[in-house]
Every structure is written in structure tokens, then in C-alpha cells.
Amino acid sequence: MEPWLCGTCGVEYDPAPSPPSACWICEDERQWVPRDGQRWTTASELRRAGYRSSLRWLEEGLLGIGVEPAVGIGQRALAVVGDRGVVVFDAAPLLDEDAAATIRSLGPVVALCFSHPHFYGAAVTWAELLGAERILVPRVDAAWFVRSSERVALYDDVVELGEVELRRIGGHFPGSSVLWWPGGAEGRGVLLTGDSLSVNARGDGVTVMWSFPNHLPLAPQVVEAILAHIEPLCFDRLYGGWWDSVIPSAAKEAVYRSLGRYLELLAMPPTVTGPAGGPTGPGAEDASG
């Protein structure tokens, strides 16, 4: 028997003769179930359909690991290669043996860790293929890790992993985390964020949300707490959860600028609809001409 993969989020469940009754991650309001109902697949089915791992070096010491064509949410993982081994941040629904062999050749995989539950992917399968020592899961999000494994190790706030530091910042999920790599970007520092800090379409800022698909924002105090967690970290470059989600330089300034704007908008009085159906509140005069 193979593990079951949710066809929407790509997270794997324990092997069983039949799939689970529901994907608990997609049932949550931070994800979604397709209008035509829950879908399930397996790694073998994906391979037969032509899906393959894709590896790309993004900079010295940083390898991107994705799937082509995109499957599930379409995220790619990142592997930081250091003198003390390899740390993999986030996972995807599929990992080929050839891709796993390439990653193993870079050094011992000391840990798999994640930005948040939507990017757990086929984490246990990845850990087995890579020979990873630990699968690091934040204690507050442990219930969202839906496949059992003896490799799972729970953490609370900060884990030192050689050249990198895993840090829980909260937000999208209570356990949403980032991986700080001080030696990245030629020593200027890199922050790997997945969807904990989501890079905008222009690639010059980030946003944060309680639910991205349902467009539900975070409370101001949660955004302020995220900024407090980021403040001690020095970084110039930021990698989000997809191939093109990169802020190549001045990334820390971009985080503060864009989340500062986020807080400004949350503090604005709401615009309400007046009796005649026209807008009232900030900007109403301009809207009426």
C-alpha cells in the first residue's frame, strides 16, 4: 500500500486500502475542498501521469526542489547545503529517486522543516528517501501533521541547525515558521519563508493572511508579533514558496514597508454603504465626483 496524497493540497496520509474520508487540512478554512469534492491520488499515479521532480540551483548553497508540471498547491522546497549537512525547508507531493540521490550526495540531511502545514507535502516519504534524521514540526501545529512517523520531533520556538536557524513566527498558522540562513546571499543573509511571509506579484514586498484562499486577514497584534520575531534577523534576500517568489535584495526593508502598509489599512475606518447605495466614509467625496 502507498500513502494517499490529497489531490488539492498534496499532503500525504498513512497507507491504507482506501483513502481517508476527508483531508482535514483542506476542510479547514485556511485551505479549500474543490466544488466537485475531495480528490485523492498516489505517488505512483502521479509518475504514470508524467509528473517528475525538478531541481534548480538558486544560488550557491541553495537548491530548489519542485515538481513539473505543478501539482497540488504548486510549491517548491528549498535545501540549504552547509558544512554540517543539508536542511530541507518545506516539501512537495512527489520526490523522484534520482532527485533524492542528488540531494543525498550533497551531504547528510539533518532535518526536514516547514513553513506551515499546507507545505508538509509527502514529508515522511521525503524523509525516508533522503535518510533525514528528523522531521521538525512545531508543537502548536502537531495535530496538522497527519501521517505518523518516528522521525517527527516537536519544537517550540527556535531550533539551531548548524548554519541555519528555524524560527517560529506565527500568523497563517500558530506554528508558521521561517528558516534564517545568515551565510546566504554572499554573506548578506537569506530568509526562507514559504507562505509564512508570502511574496507579492511584483516581487518587492510580502503579505500575511489567516486564510489566503478565503481572503481573511490577520489581526494587527499578530502582524506586530511577526515583525518582532523578524527584527533580530539580518537578511538581504528572501525566498517564498514558489519558483518566482523571490525578493533578491533589500528584503528586510521590503518586509517592514509592506507589513507597515498592511497595518495602516487595518487601522482605517471601514467604508459602509449609505441609504442610497452610495459609499460613505473615507474617499466618499471622490467616489461621488
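Quick caveat: nothing in here was measured; it's all calculated off a predicted structure.
- With hydrogens and angles disregarded, no donor-acceptor distance shorter than 3.5 Å links the side chain of K252 to the backbone of L238.
- Partners of T41 by side-chain hydrogen bond (donor to acceptor under 3.5 Å, both in side chains), not counting sequence neighbours, listed by chain and number: E45.
- Between S245 and R76, the shortest heavy-atom contact is O-NH2, 4.2 Å.
- Here W242 is tied into one hydrophobic group with I73, F119, each link being a pair of ILVMFWY side chains closer than 4.5 Å.
- Every residue two or more places apart in sequence or in another chain that forms a side-chain hydrogen bond (donor to acceptor under 3.5 Å, both in side chains) with E12 is listed here: T125, R147.
- By the 4.5 Å side-chain criterion applied to Ile, Leu, Val, Met, Phe, Trp and Tyr, V33 is assigned to no cluster and stands alone.
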What side-chain donor-acceptor pairs closer than 3.5 Å can you find for residues 257-266, not counting sequence neighbours?
residue : atom : partner : partner atom : Å
R257    : NH2  : D204    : O            : 2.9
S258    : OG   : V206    : N            : 3.1
S258    : OG   : V206    : O            : 3.3
S258    : OG   : A254    : O            : 2.6
S258    : OG   : V255    : O            : 3.4
R261    : NH1  : E264    : OE1          : 3.1
Y262    : OH   : V208    : O            : 2.9
Y262    : OH   : L218    : N            : 2.9

Would you list the atom pairs, donor with acceptor, under 3.5 Å between side chains in residues 102-113 and any protein atom, with sequence neighbours excluded?
residue : atom : partner : partner atom : Å
T102    : OG1  : D98     : O            : 3.2
R104    : NH1  : E97     : OE2          : 3.4
R104    : NH1  : L129    : O            : 2.6
R104    : NH2  : E97     : OE2          : 2.8
S105    : OG   : T102    : O            : 2.5

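- Of the options I230, L192, T207, a side-chain contact (heavy atoms from CB on, under 4.5 Å) to L197 is made by I230 and by none of the others.
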From CA spacing to verdict: side chain to side chain contact (heavy atoms under 4.5 Å, CB included), C6, I25: CA-CA 9 Å; C6 173; I25 290 175; over 6 Å; no
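- Residue V140 is found outside any hydrophobic cluster, as its side-chain heavy atoms come under 4.5 Å of no other Ile, Leu, Val, Met, Phe, Trp or Tyr.
- Identified under the ring-ring contact (aromatic ring centres under 6.0 Å, His included) test for residues 167-201, with sequence neighbours left out: H116-H172, H118-H172, H118-F173, W144-F173, H172-F212.
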Show me the side-chain donor-acceptor pairs of residues 57-64 shorter than 3.5 Å, one per line, residues at least two apart or across chains.
residue : atom : partner : partner atom : Å
E59     : OE1  : R237    : NH1          : 2.6
E59     : OE1  : Y239    : OH           : 2.7
E59     : OE2  : A185    : N            : 2.8

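- In the hydrophobic clustering (ILVMFWY side chains linked at under 4.5 Å, chained through shared members), V67 is joined by L5, L46, Y51, V71, L94.
- Residues meeting the ring-ring contact (aromatic ring centres under 6.0 Å, His included) test with F145, sequence neighbours left out: Y120.
- Applying the side chain to side chain donor-acceptor pair (under 3.5 Å) definition to pairs two or more places apart or across chains, those involving residues 82-94 are D90-S115.
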